[in-house]
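For reference, positions follow the sequence shown, starting with 1.
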Amino acid sequence: MEDTILTISKVIHEIRNPLTLINSSLQLIESMHPEVKDFQFWPQTLEDMAYVNQLLDDLAAFSDKRRFFMCEVDLKEVVHSLEESLKPYVLMNKKHFSVHMPAQLPYLFGNPMKLKQAFLNLLKNAFEATGEDGCVAMSVRKYLDRIIIRISDDGCGMNQETIEALFTPFSTHKSYGTGLGLAITQKIIHAHYGEIEVASTLGRGTVFTITLPHL
Ligand code: ADP
Ligand code: MG
């Protein structure tokens, strides 16, 4: 098993090197020959490249079996950094994103980067499930010895079959999906001794609830 994981990370690394060069070449072509944007197959080429990049990132995160570095985490900082990272996407895609968080929150024991990645995967799905003017909300609150994080959207929702396969790797309903986002998120939450649950109604929207122990 260890050997397989090592081989996977080596393969990812070997693919990433030439891919970085191809990415740079595409950027250079676009800046030196702006007229290429009018070429029929250019947008598709860029989309395909973005997909391969995403697939490699997801495969790397999914096959990463190392123990996380854990420390005291201020969840408020993680959420603020998420808000900053998402601002350009929210603006460009005409979405609404609101965050509700109390002024005081206890710290938790975990890895801030991994937690950010877990929330980002959920938020990305939430935005992708909504159209223009779609609303996504994130709320954080303390309840007894737990912190409860809720990510909700007013998007397309899911049927029972999709819900049942939700955390199964490579199960996707998107033409450019990797089907790894939720599997990665679940792994991260479990590594923090937390739980993740979903409630969804077709055509109405979806709510993911994460419960994490705090310090
Ligand atoms: P991907 O986003 O690459 O498809 P994920 O593991 O992130 O992979 O999600 C798996 C599938 O779960 C998605 O393809 C989608 O069908 C469904 N899904 C996840 N989150 C939502 C959501 N908020 N609203 C509707 N469907 C969702
Ligand atoms: Mg996803």
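Looking only at side-chain heavy atoms (C-beta outward), I148 and V140 stay at 4.5 Å or farther from each other. Using a 4.5 Å heavy-atom threshold, the side chains of C71 and P112 count as touching. The shortest side-chain heavy-atom distance between F208 and T185 does not fall under the 4.5 Å cut-off. By the 4.5 Å heavy-atom criterion applied to side chains, M138 and E83 are not counted as neighbours. By the 4.5 Å heavy-atom criterion applied to side chains, L115 and L212 are counted as neighbours. In this structure, N111 and H192 have side chains that are in contact, with non-hydrogen atoms separated by less than 4.5 Å. A heavy-atom distance below 4.5 Å is found between the side chains of F167 and I196. In this structure the side chain of H96 never reaches within 4.5 angstrom of the side chain of T130, judged on heavy atoms.
Cluster membership check: M101 shares its hydrophobic cluster with L108, using side-chain heavy-atom separations under 4.5 Å among Ile, Leu, Val, Met, Phe, Trp and Tyr. One hydrophobic cluster holds both F170 and V52 under the rule that ILVMFWY side chains link at heavy-atom gaps under 4.5 Å. In terms of hydrophobic clustering, with Ile, Leu, Val, Met, Phe, Trp and Tyr side chains grouped at heavy-atom distances under 4.5 Å, L166 and L202 are assigned to different clusters. Both I22 and L55 are members of a single hydrophobic cluster when ILVMFWY side chains are connected at heavy-atom separations under 4.5 Å. F109 is connected to Y107 through a chain of hydrophobic side-chain contacts under 4.5 Å among Ile, Leu, Val, Met, Phe, Trp and Tyr, so both are in one cluster.
Pairing each heavy atom of M70 with each of A191, the nearest pair is CE-O, 3.5 Å. Heavy-atom minimum distance, D154 versus C135: OD1-N, 2.9 Å. Residues P106 and I147 come closest through the heavy atom pair O-CD1, 3.5 Å. Taking each heavy atom of S200 and T206 in turn, the nearest pair found is OG-OG1, 2.8 Å.
Between the CD atom in E30 and the OG1 atom in T45 there is a gap of 10.5 Å [rounded to 0.5 Å]. Atom CD1 in I149 sits 4.0 Å away from atom CZ in F119 (nearest 0.5 Å). Note that CG of L19 is 12.5 Å distant from CD of E14, once rounded to the nearest 0.5 Å. Interatomic distance, OG of S85 versus NE2 of H80, reported as 13.0 Å (0.5 Å rounding). Atom-to-atom distance recorded for S139:OG and H100:NE2 is 7.0 Å, nearest 0.5 angstrom. The CZ atom of F41 sits 14.0 Å away from the CG atom of L46 when rounded to the nearest 0.5 Å.
Judged as a side chain to side chain contact (heavy atoms under 4.5 Å, CB included), and not counting sequence neighbours, the contacts of Q117 are A61, K114, N121, I184, I188.
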Item to check | Check against side-chain hydrogen bond (donor to acceptor under 3.5 Å, both in side chains), Q27 and N23 | outcome: CA-CA 6 Å; Q27 278 174 20; N23 271 321; 5.8 Å; no
Mind running side chain to side chain contact (heavy atoms under 4.5 Å, CB included) on L182 and L122 for me, showing each step along the way? CA-CA 7 Å; L182 288 176; L122 294 174; 3.4 Å; yes
(message) side chain to side chain contact (heavy atoms under 4.5 Å, CB included) for Y176 and K174? Distances and angles first, verdict last.
(response) CA-CA 5 Å; Y176 280 93; K174 300 171 190 170; 5.8 Å; no
Which is it for H13 and K10 under the side chain to side chain contact (heavy atoms under 4.5 Å, CB included) test, yes or no, and what are the steps along the way? CA-CA 5 Å; H13 186 76; K10 270 191 189 156; 5.6 Å; no
Exercise for the section: Go through the steps for Y89 and K95 under the test side chain to side chain contact (heavy atoms under 4.5 Å, CB included), then give the verdict. Expected result: CA-CA 8 Å; Y89 175 87; K95 308 274 187 184; 4.2 Å; yes
* Step by step, work out the side-chain hydrogen bond (donor to acceptor under 3.5 Å, both in side chains) result for H214 and D145. => CA-CA 6 Å; H214 65 70; D145 60 346; over 6 Å; no
If you apply the rule salt bridge (charged side-chain N to carboxylate O under 4.0 Å, His left out), what do you find for D57 with R16, and how did you get there? CA-CA 9 Å; D57 287 349; R16 216 192 280 279; 2.8 Å; yes
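Between the D58 side chain and the T178 main chain, no donor and acceptor come within less than 3.5 Å of each other. Judged by distance alone, the side chain of K116 and the main-chain N or O of V79 form no donor-acceptor pair under 3.5 Å. The closest donor-acceptor contact from the side chain of S171 to the backbone of A165 lies under 3.5 Å. A donor-acceptor contact shorter than 3.5 Å is absent between the side chain of K37 and the backbone of W42. Between the side chain of S25 and the backbone N or O of L21, at least one donor-acceptor pair lies under 3.5 Å. Under the 3.5 Å distance criterion, the side-chain polar atoms of K187 are left unmatched by any main-chain donor or acceptor of I189. Within the 3.5 Å criterion, the main-chain N or O of L59 finds a donor-acceptor partner in the side chain of S63.
Residue M113 places its CE atom among 12 or fewer non-hydrogen atoms of other residues, nucleotides or ligands, all under 6.0 Å distant. By the neighbour-count criterion of 12 heavy atoms within 6.0 Å, atom CD of E161 is sparsely surrounded, having that number or fewer from other residues, nucleotides or ligands. Under a cut-off of 6.0 angstrom, the local environment of OH in Y193 is sparse, with at most 12 non-hydrogen atoms contributed by other residues, nucleotides or ligands. Atom CD of Q104 sits in a sparse spot, with 12 or fewer heavy atoms from other residues, nucleotides or ligands closer than 6.0 Å.
Side-chain contact, N159 with T162: a donor N or O sits under 3.5 Å from an acceptor N or O.
Contact check on D153 versus R204 returns no salt bridge, with no Lys/Arg side-chain nitrogen under 4.0 Å from an Asp/Glu carboxylate oxygen.
Taking the six-membered ring wherever Trp is involved, the centroid distance between the rings of F97 and F127 falls below 6.0 Å.
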